[in-house]
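Presented below is the structure to which this report refers.
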There are 2 protein chains.
Amino acid sequence: METNHAVDALAALAQETRLTAFRLLVEAGPEGIAAGEIARTLDVPPPNLSFHLSALVHAGLVTSRRDGRQVIYAADFDAMDTLVGFLAQNCCRGEGGCLPSLERTGCAPKARAGKA
Amino acid sequence: METNHAVDALAALAQETRLTAFRLLVEAGPEGIAAGEIARTLDVPPPNLSFHLSALVHAGLVTSRRDGRQVIYAADFDAMDTLVGFLAQNCCRGEGGCLPSLERTGCAPKARAGKA
DNA sequence: GGGTCATTTCAAGAATTATCGAAACATGGA
DNA sequence: TCCATGTTTCGATAATTCTTGAAATGACCC
């Protein structure tokens, strides 16, 4: 991941409405949520939300597809993995155990017996 | 980690000069680097860099201490761990293995035999 | 086609953030 | 004390981003 791309992704999440929307999409899983429902849940005017959602799409963190009249947005989990991976590398340069928080989240790769 | 704090930390890293400076500080380790040296390395005017460094300090990602005439900045690894942990939780809600990239970085907690 | 719902685009203004040069501040040494 | 060095603060400007309401687009149903 290049620095520029990382800056874009970080900037996309560095805004309250967008971060909250993204968390909502992550919770919703691959099925995603319609734009209107996000707007209602977050109590954000639709044009405003549309602006922020397209920022997330532009940053590659979210995908969109049309379903009838609705537009469904969904988190791109691979992109998030890439971003977290980038940050991890910039946090500890590969020294094992430098991200102890990950133990609590359970998000790290499954432990393999004997591997250090 | 509250959403607001996460937004602050993300915003701090969502700028090229700051992200580059932070990577430099991570590479330098706990000993840190003097402000002037960072400015020279990044070829950024000192007042400009000072502005960005204080943004990183304000976000809690970096610490500063004076050493004679110089001010030494150092990455706060705990803060970075907290941020990555926050993102991880917002990425996969605790489902194991949702951040495969971490396997490559080697940053995740050491695997424990038998633990899944 | 006409009507309605869901969403986006547009244009303008407000707010925030970044950059720059000049000046101020702090430290150490002559 | 005076000077030199390293860094920050100040003030102004430039650039970017956010918000808002109005209008446009796209899809469905009659």
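Just so we're on the same page: letters track the sequence lines, and every chain starts at 1.
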*Decide side-chain contact (heavy atoms from CB on, under 4.5 Å) for B:Leu61 and B:Leu25; before the verdict, give the C-alpha distance in whole Å, the side-chain angles of both, and the deciding distance to 0.1 Å.*
CA-CA 10 Å; B:Leu61 291 167; B:Leu25 291 174; over 6 Å; no
*On DNA chain D, nearest-nucleotide positions of B:Arg40 versus A:Thr17: which is more 5'?*
B:Arg40
*asked:* Strictly under 4.0 angstrom, non-hydrogen atoms only: write out the protein contact profile of nucleotides 23-30 of chain D, one letter per nucleotide from the 5' end, B, S or -.
replied: ----SB--
*Strictly by modelled atom types, are B:Asp76 and B:Thr63 linked by a side-chain donor-acceptor pair under 3.5 Å?*
no
With a 4.0 Å cut-off on heavy atoms, is [X] in touch with a base, just the backbone sugar-phosphate, or nothing at all?
| X | answer |
| --- | --- |
| B:Arg18 | sugar-phosphate |
| B:Pro46 | base |
| B:Asn48 | sugar-phosphate |
| A:Ala55 | nothing |

Starting at [atom1] of [X] and ending at [atom2] of [N], how long is that distance when rounded to a whole Å?
| X | N | atom1 | atom2 | answer |
| --- | --- | --- | --- | --- |
| B:Arg65 | D:dG6 | CZ | C1' | 16 Å |
| A:His52 | D:dT20 | NE2 | P | 9 Å |
| A:Asp8 | D:dT16 | CG | P | 13 Å |
| B:His58 | D:dT9 | NE2 | P | 13 Å |
| B:Gln70 | D:dT5 | CD | C1' | 10 Å |
| B:Leu49 | D:dT8 | CG | P | 8 Å |
| B:Phe51 | D:dA15 | CZ | P | 16 Å |

*Closest contact, heavy atoms only, A:Leu102 versus B:Ala88*: CD2-CB, 3.6 Å
*Which heavy-atom pair separates A:Ala12 from A:Ala59 by the least distance, and what is that distance?*
CB-CB, 3.5 Å
Less than 4.5 Å apart, side chain to side chain, heavy atoms only: is that true for [X] and [Y]?
| X | Y | value |
| --- | --- | --- |
| B:Leu13 | B:Met80 | yes |
| A:Leu19 | B:Asn90 | no |
| A:Phe77 | A:Val26 | yes |

*Phosphate oxygens OP1/OP2 of D:dT8: is one of them under 4.0 Å from a side-chain N or O of B:Tyr73?*
yes
*Please state whether the phosphate of D:dT19, meaning OP1 or OP2, lies under 4.0 angstrom from any side-chain nitrogen or oxygen of A:Gln15.*
yes
*Got a sec, which residues hit side-chain contact (heavy atoms from CB on, under 4.5 Å) with A:Ala55, two or more places apart in sequence or on another chain?*
A:Arg18
_Nucleotide interval of DNA chain C bounded by contacts with chain A (heavy-atom cut-off, under 4.0 Å)_ = C:dT4 to C:dT9
*Following the transitive rule for hydrophobic clusters with a side-chain heavy-atom cut-off under 4.5 Å over Ile, Leu, Val, Met, Phe, Trp and Tyr, establish whether A:Ile72 and A:Leu24 coincide in one cluster.*
no
